[in-house]
Amino acid sequence: MKKFYVTTAIDYVNAPPHCGHALEKIQTDAIARYHRLLDEEVLFLTGTDENSLKNVQAAKKEGIPTKKLVDRNSKKFYELKKVLNLSFDDFIRTTEERHIKGAQKLWLACKKDIYKKTYRGLYCIGCEEFYKESELEDGLCPEHKTKLELVEEENYFFRLSKHRDELEKIIKNDEIKVTPESRKNEILSFIKSGLEDICISRSAERAHGWGIDVPGDPTQKIWVWLEALSNYINGVEYATDEKKFKKWWPADLHVIGKGISRFHCIYWPAFLLSAKLPLPKKIFVHGYLTVGGQKMSKSLGNIVDPFELVEKYGTDSVRYFLLREIPSAEDGDFTYEKFEKRYNSDLAKGLGNLVARTLTMVEKYCDGKVPEIDKDPDSHPLRIDTKIHNWKKSWADVDKHVPNFQFNEALSSIWKFITEADRYIEENRPWDLAKEGKIKELNWILYGLLNAIHQIAWQIYIFIPETSVKIAKALKLEKLLVKDPKEKDSWTNIRPGTEVKEIKPLFPKV
RNA sequence: GCCGGGGUAGCUCAGUGGUUAGAGCGUUGCACUCAUAAGGCAAAAGUCGUGGGUUCGAGUCCCACCCUCGGCACCA
């Protein structure tokens, strides 16, 4: 059995999750579900990044212990599992023992590329941060408008420069395949401009004692990025279960946002090279979600809360919107207007209505059962007519676009088939056939429609599983109702005589 | 500033140098009734960023310019 190990970025917990986080988790969930459909053994990992100084500051502000703050917010990220119907298998927190051990093990494995050096920089006591000259406003801290101090500190550095040529080769030759191409080019141009060694520790004092100790030097904490990146190996027990680690590592895919591509496409491979560990196979860099064309941010007060959105419109509506409306590799925009438009036109009037009208006709004209037919079900025009966008074409498009993370294209093709099914109803006018008593023809039409919905239920499963399951229940599609359905089981036709249940509107119009 | 994408219908976008430039959404009209007043058919709608050039022929290739988005390191 082929294995497939996929990860998301782990999120900062100094604030609760917003819809941008939801986007990444949903995209990754669709990928994970797709690979399970293909009968691969999937491990889907996500989690939270908790050792940042920001957490210490946020907790101080609230007057609570840092640990309490990260526990509370990490829980919120975990809750996305239920709210968004995510199928992740494991959730790693960087304050967990397995992570701390793994991060330190990685450090030691990189030891020969680590050295001590004095770092000197302009430091703002208010921000507890170093600033570059270019970031200053009139020579003052942009946040506090105060003068900065020249601070010296001895830190550990990592010989990134040493790995420059090898990294360039790895990215160029797709040994780690970075998609989309534009991100790969950005990374390459960055590497070409030269790589300097990076600082990978800070003083424990400045970190307020929060974070992971440098092995053998408790006066220093490991730089959060080095440590956070190691979650991908620690999630498969790098330091704690050799057998499990061997089975799953390297990751088949890291899904990340565009803001952190450098860390994943350069630093992370460099650490792995240094530690002599295998490299991840693929990195998919998604865009960001904007709101009304603006960046989502606390200060703008335009954060879209996934919990609220799901509460109001339902899980699948949110999943559908994000996968259909946002071109996965680029930025996409959210507004309530766009959301409701999509909802009404695609979900309520599209899929929801097609299912409703079909099931009602089966109830009225066929006594609520899948009708008997006297022709080969595989010869039905909705399946094979090449003049229309038949359901085989939708399947072909799903298989073509999902592996390239083009969820919008895949969904667009499925919905093209939905339109085709609607047109098929108009052209054949089952209500007239019923009046005229042309039962054989009527049965053939309705059988084809039921089989079409059956196929749609399978095709939408990785995107909007809840709706898929609702349809599966109505049509008694047992193979789709198991825990991890397999694509090969979608090839069967539905059986005449099966009782079909009418269901409540899948997506009531808003 | 440097590098790289974009600029095509009201909106979002497709368009290997070759007929009258396409799709979806939205708008308008027509006919229908199984359906969540849903669905179908049809129509209107574009100086293809601007100005040059190459070519029998340019949205597509070349040059210049304008606008826009992203990347240009250690948020240590």
Side-chain angles (χ1 to χ4, degrees), chain A residues 12 52-54 119-121 123 127-132 134-135 142-143 151 153 155-158 160 180-203 206-207 221-226 258-263 266-267 287-288 290 293 324-327 329-333 335 337-338 341-342 344-365 408-409 412 415-416 418-435 442 445-446 449 502 504-510:
Chain A
Y12 286 129
S52 162
L53 183 61
K54 291 260 192 282
Y119 178 85
R120 182 185 298 162
Y123 185 76
C127 301
E128 301 190 67
E129 269 180 40
F130 282 94
Y131 282 100
K132 283 179 293 176
S134 58
E135 290 173 324
E143 194 69 31
V151 172
E153 191 174 299
N155 293 126
Y156 292 94
F157 278 72
F158 175 79
L160 185 65
E181 191 85 11
S182 53
R183 296 293 166 204
K184 174 179 165 178
N185 291 337
E186 274 176 17
I187 293 298
L188 278 175
S189 77
F190 185 84
I191 295 175
K192 276 179 193 147
S193 73
L195 297 178
E196 287 172 25
D197 292 351
I198 51 174
C199 178
I200 53 164
S201 76
R202 68 169 131 208
S203 75
R206 202 148 52 68
K221 296 286 183 185
I222 302 179
W223 177 44
V224 282
W225 266 111
L226 165 56
K258 63 180 184 177
I260 55 175
S261 63
R262 191 196 315 138
F263 299 98
I266 299 175
Y267 299 173
Y288 283 154
T290 56
R324 174 65 184 83
E325 184 84 15
I326 314 300
E330 295 156 48
D331 285 356
D333 194 47
T335 65
E337 200 190 342
K338 282 180 184 169
K341 232 179 206 175
R342 268 293 165 206
N344 281 330
S345 72
D346 293 8
L347 295 175
K349 300 180 194 174
L351 175 60
N353 189 55
L354 174 66
V355 171
R357 67 197 301 206
T358 303
L359 294 187
T360 305
M361 285 191 281
V362 170
E363 181 65 33
K364 279 192 181 169
Y365 307 143
N408 55 339
E409 297 289 345
S412 160
W415 257 255
K416 223 166 147 185
I418 290 174
T419 297
E420 209 60 79
D422 271 327
R423 188 178 297 133
Y424 180 77
I425 296 174
E426 296 303 323
E427 280 172 0
N428 290 284
R429 307 176 59 81
W431 47 92
D432 284 349
L433 298 175
K435 277 180 215 150
L442 177 64
I445 307 294
L446 291 181
L449 285 168
E502 276 201 83
K504 280 189 289 186
L506 293 171
F507 300 97
K509 232 186 130 197
V510 295

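Just so it is clear, the structure is predicted and the values come from calculations on it, not from any experiment. Letters go in sequence order (proteins before strands), and every chain restarts at 1.
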Self-check item: Listed nucleotide nearest any side-chain atom of A/I198, set B/C74, B/U36, B/A35
Solution: B/C74
Quiz item: When we call it a touch if two heavy atoms are under 4.0 Å apart, what does A/E427 touch: a base, just sugar-phosphate, or nothing?
Solution: nothing
Exercise. Describe the nucleic acid contact of A/T358 in one word from base, sugar-phosphate, nothing, applying a heavy-atom distance below 4.0 Å.
Key: nothing
Practice problem: Using a heavy-atom cut-off of under 4.0 Å over every strand shown, decide if A/L195 touches base, sugar-phosphate, or nothing. | Solution: base
Quiz prompt | Atom pair distance, as rounded to whole Å: CZ in A/R183 and C1' in B/A73 | solution = 16 Å
Quiz item: So do A/L53 and A/R206 actually touch side chain to side chain, heavy atoms under 4.5 Å?
Solution: no
Self-check item: Atom-to-atom span, CD of A/E330 to P of B/A14 - whole angstrom
Solution: 7 Å
Self-check item: G-U wobble or Watson-Crick pairing nucleotide for B/G1 (cut-off 3.5 Å, both distances)
Solution: B/C72
Quiz item: When all nucleic acid strands are considered with a 4.0 Å heavy-atom cut-off, which category describes A/K349: base, sugar-phosphate, or nothing?
Solution: sugar-phosphate
Practice problem: Looking only at side-chain atoms of A/T419, point me to the closest of B/A38, B/G26, B/G40. | Solution: B/G40
Quiz item: A/R342 near the nucleic acid: base, sugar-phosphate alone, or nothing, with a heavy-atom cut-off under 4.0 Å?
Solution: nothing
Practice problem: Can you tell me, in whole Å, how much space there is between the C1' of B/G7 and that of B/G46? | Solution: 14 Å
Quiz prompt | Among B/C75, B/A73, B/U36, the nucleotide that comes nearest once only the side chain of A/A348 is considered | solution = B/U36
Quiz item: Which of these nucleotides, B/A38, B/G70, B/C34, is closest to any side-chain atom of A/K258?
Solution: B/G70
Quiz prompt | Atom pair CG/CZ of A/D346 and A/F507 - distance to nearest 0.5 Å | solution = 10.0 Å
Quiz item: Is any side-chain N or O of A/R429 closer than 4.0 Å to OP1 or OP2 of B/C32?
Solution: no
Quiz prompt | Assigned partner base of B/C56, Watson-Crick or wobble definition, under 3.5 Å | solution = B/G18
Exercise. Can you tell me the distance, in whole Å, between the CG atom of A/L446 and the P atom of B/A35?
Key: 13 Å
Exercise. Name the nucleic acid region contacted by A/W431, choosing base, sugar-phosphate or nothing; use a 4.0 angstrom heavy-atom cut-off, strictly under.
Key: base
Quiz item: Over how many whole Å does the gap from A/R262 atom CZ to B/G71 atom P extend?
Solution: 10 Å
Quiz item: In the structure shown, which nucleotide is the Watson-Crick or G-U wobble counterpart of B/A64, with both distances under 3.5 Å?
Solution: B/U50
Quiz item: Any idea which of B/U36, B/C34, B/C74 is nearest the A/L506 side chain?
Solution: B/U36
Quiz item: Base, sugar-phosphate, or nothing: which does A/F507 touch, judged by heavy atoms less than 4.0 Å apart?
Solution: base
Quiz item: When rounded to the nearest Å, what value does the distance between P atoms of B/U12 and B/C3 take?
Solution: 29 Å
Exercise. Tell me the partner of B/U33, counting only Watson-Crick (N1-N3 plus N6-O4 or O6-N4) or G-U wobble (N1-O2 and O6-N3) with both under 3.5 Å; none if nothing fits.
Key: none
Quiz item: Nearest 0.5 Å, what's the CZ-CZ distance between A/R183 and A/R262?
Solution: 12.5 Å
Quiz item: C1' atom, B/A58 versus B/U68: distance in rounded Å?
Solution: 24 Å
Quiz item: Nearest to the side chain of A/S345, which nucleotide is it out of B/U36, B/G26, B/C32?
Solution: B/G26
Exercise. Describe the nucleic acid contact of A/G194 in one word from base, sugar-phosphate, nothing, applying a heavy-atom distance below 4.0 Å.
Key: base
Quiz item: Which whole number of Å gives the distance between the P atom of B/A21 and that of B/A9?
Solution: 14 Å
Quiz item: Rounded to whole angstroms, how far apart are NZ on A/K435 and C1' on B/C34?
Solution: 10 Å
Quiz item: At under 4.0 Å between heavy atoms, what does A/D422 touch on the DNA or RNA strands: base, sugar-phosphate, or nothing?
Solution: sugar-phosphate
Practice problem: Ignoring hydrogens and angles, answer whether the base of B/G39 and the side-chain atoms of A/E426 contain a donor-acceptor pair closer than 3.5 Å. | Solution: yes
Exercise. Output the single nucleotide from B/U36, B/C74, B/A35 whose closest atom is nearest the side chain of A/K364.
Key: B/A35
Quiz item: On RNA chain B, nearest-nucleotide positions of A/R324 versus A/A356: which is more 5'?
Solution: A/R324
Self-check item: Distance in angstrom units between A/K192 NZ and B/G4 P, rounded
Solution: 11 Å
Quiz item: C1' atom, B/C2 versus B/A45: distance in rounded Å?
Solution: 41 Å
Quiz item: Between A/E153 and A/K221, is there a side-chain N and carboxylate O pair less than 4.0 Å apart?
Solution: no
Quiz prompt | A/L160 CG to A/E196 CD distance, which is reported to the nearest 0.5 Å | solution = 9.5 Å
Practice problem: Take A/G350 and A/E325, find for each the nucleotide of RNA chain B with the closest heavy atom, and name the residue whose nucleotide sits nearer the 5' end. | Solution: A/E325
Exercise. Remember a base hit wins even if backbone is also touched, and classify A/D346 as base, sugar-phosphate or nothing at under 4.0 Å, heavy atoms.
Key: nothing
Quiz item: Taking the same atom, P, in B/C25 and in B/A43, what whole-Å distance lies between them?
Solution: 15 Å
Self-check item: Within-4.5 Å side-chain heavy-atom neighbours: A/Y156 and A/I222
Solution: no
Quiz prompt | Nearest-angstrom distance, P atom, B/G52 to B/U16 | solution = 26 Å
Quiz item: Which part of the nucleic acid, if any, lies within contact of A/T360, taking any heavy atom under 4.0 Å across all strands shown: a base, the sugar-phosphate backbone alone, or nothing?
Solution: sugar-phosphate
Exercise. Could you check which of B/C74, B/U33, B/U36 has an atom nearest any side-chain atom of A/F157?
Key: B/C74
Quiz prompt | Whole-Å gap separating P (B/G39) and CZ (A/R357) | solution = 9 Å
Exercise. Report the distance from atom CZ of A/F158 to atom CH2 of A/W225, rounding to the nearest 0.5 Å.
Key: 15.5 Å
Quiz item: How long is the line joining NZ of A/K416 and P of B/A14, in whole Å?
Solution: 15 Å
Quiz prompt | Among B/A35, B/C34, B/A73, the one nearest A/I425 by side-chain distance | solution = B/C34
Quiz item: Do A/Y267 and A/I260 have side-chain heavy atoms sitting under 4.5 Å apart?
Solution: no
Exercise. Name the pairing partner of B/A23, where a pair is Watson-Crick or G-U wobble with both distances under 3.5 Å, or state none.
Key: B/U12
Quiz prompt | Salt-bridge contact A/R423-A/E426 (side-chain N to carboxylate O under 4.0 Å) | solution = no
Quiz item: When rounded to the nearest Å, what value does the distance between P atoms of B/A44 and B/C61 take?
Solution: 30 Å
